[in-house]
Engineer: 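If you scroll down you'll find the structure; I have some questions about it.
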Amino acid sequence: MERFYTKALAGLLILVFPFIVGCSIIGGNSYSSDPNIRKQQEEIERLESEHKDLKRLADEAIQREKAAKARLKAAEHELKAMKSQLDAN
């Protein structure tokens, strides 16, 4: 009898879960009806977007710096090889 109740409860949850999730998604407006709150929410979203863009630009700059350091190191090794070749002649 206990297994019956467990299976019945699991079946009920499977049927009710999509309804609960659907109602929470459909009814959820991300902006408030208060103009001051809406304005603040939009400002926060704008700042978050700006922060994301700046972080991406910073990451790109770090990658460019690493590439430049690698090119510098390669040029230094090439110069060292040229000097040793010149000294050998």
Side-chain angles (χ1 to χ4, degrees):
M1 196 63 153
E2 190 175 317
R3 282 181 82 171
F4 173 75
Y5 289 121
T6 305
K7 287 183 178 182
L9 182 60
L12 181 64
L13 287 176
I14 289 172
L15 292 174
V16 173
F17 182 73
F19 177 73
I20 293 171
V21 172
C23 289
S24 67
I25 292 172
I26 291 171
N29 186 0
S30 64
Y31 291 110
S32 174
S33 59
D34 185 349
N36 293 329
I37 293 174
R38 183 180 309 128
K39 183 178 177 183
Q40 188 68 23
Q41 288 172 329
E42 291 171 353
E43 178 70 10
I44 289 170
E45 286 180 1
R46 185 189 65 77
L47 290 172
E48 286 174 343
S49 176
E50 183 180 346
H51 177 262
K52 184 179 176 183
D53 290 342
L54 291 173
K55 180 155 177 49
R56 181 186 51 80
L57 290 173
D59 290 342
E60 289 174 0
I62 289 170
Q63 294 302 317
R64 285 193 305 272
E65 179 188 13
K66 287 180 182 179
K69 284 182 180 180
R71 288 191 307 273
L72 176 62
K73 192 167 260 190
E76 288 172 345
H77 286 298
E78 186 178 348
L79 177 62
K80 187 176 179 181
M82 287 178 168
K83 283 182 179 179
S84 64
Q85 186 180 19
L86 185 63
D87 290 341
N89 288 337

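Positions are given from 1 along the sequence.
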Engineer: Using distance only, find each side-chain donor-acceptor pair of residues 53-68 under 3.5 Å and give its atom names and separation, not counting sequence neighbours.
Structural biologist:
| unit_1 | atom_1 | unit_2 | atom_2 | d |
| --- | --- | --- | --- | --- |
| R56 | NH1 | E60 | OE2 | 2.9 |

Engineer: About how many Å separate CD1 of I44 and CD of E48, when rounded to the nearest 0.5 Å?
Structural biologist: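 Taking CD in E48 and CD1 in I44, the distance rounds to 7.0 Å.
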
Engineer: With sequence neighbours excluded, give me every salt bridge (charged side-chain N to carboxylate O under 4.0 Å, His left out) pair touching residues 78-89.
Structural biologist: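 Found none.
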
Engineer: Would E76 and L72 count as a side-chain contact (heavy atoms from CB on, under 4.5 Å) if you check the C-alpha gap in whole Å, the side-chain angles of each, and the deciding distance to 0.1 Å?
Structural biologist: CA-CA 6 Å; E76 288 172 345; L72 176 62; 3.8 Å; yes

Engineer: Working to the nearest 0.5 Å, report the span between NZ of K52 and CG of L47.
Structural biologist: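 So the gap between those two atoms works out to 15.0 Å.
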
Engineer: With sequence neighbours left out, write down each residue that passes side-chain hydrogen bond (donor to acceptor under 3.5 Å, both in side chains) with E50, or none if nothing qualifies.
Structural biologist: R46

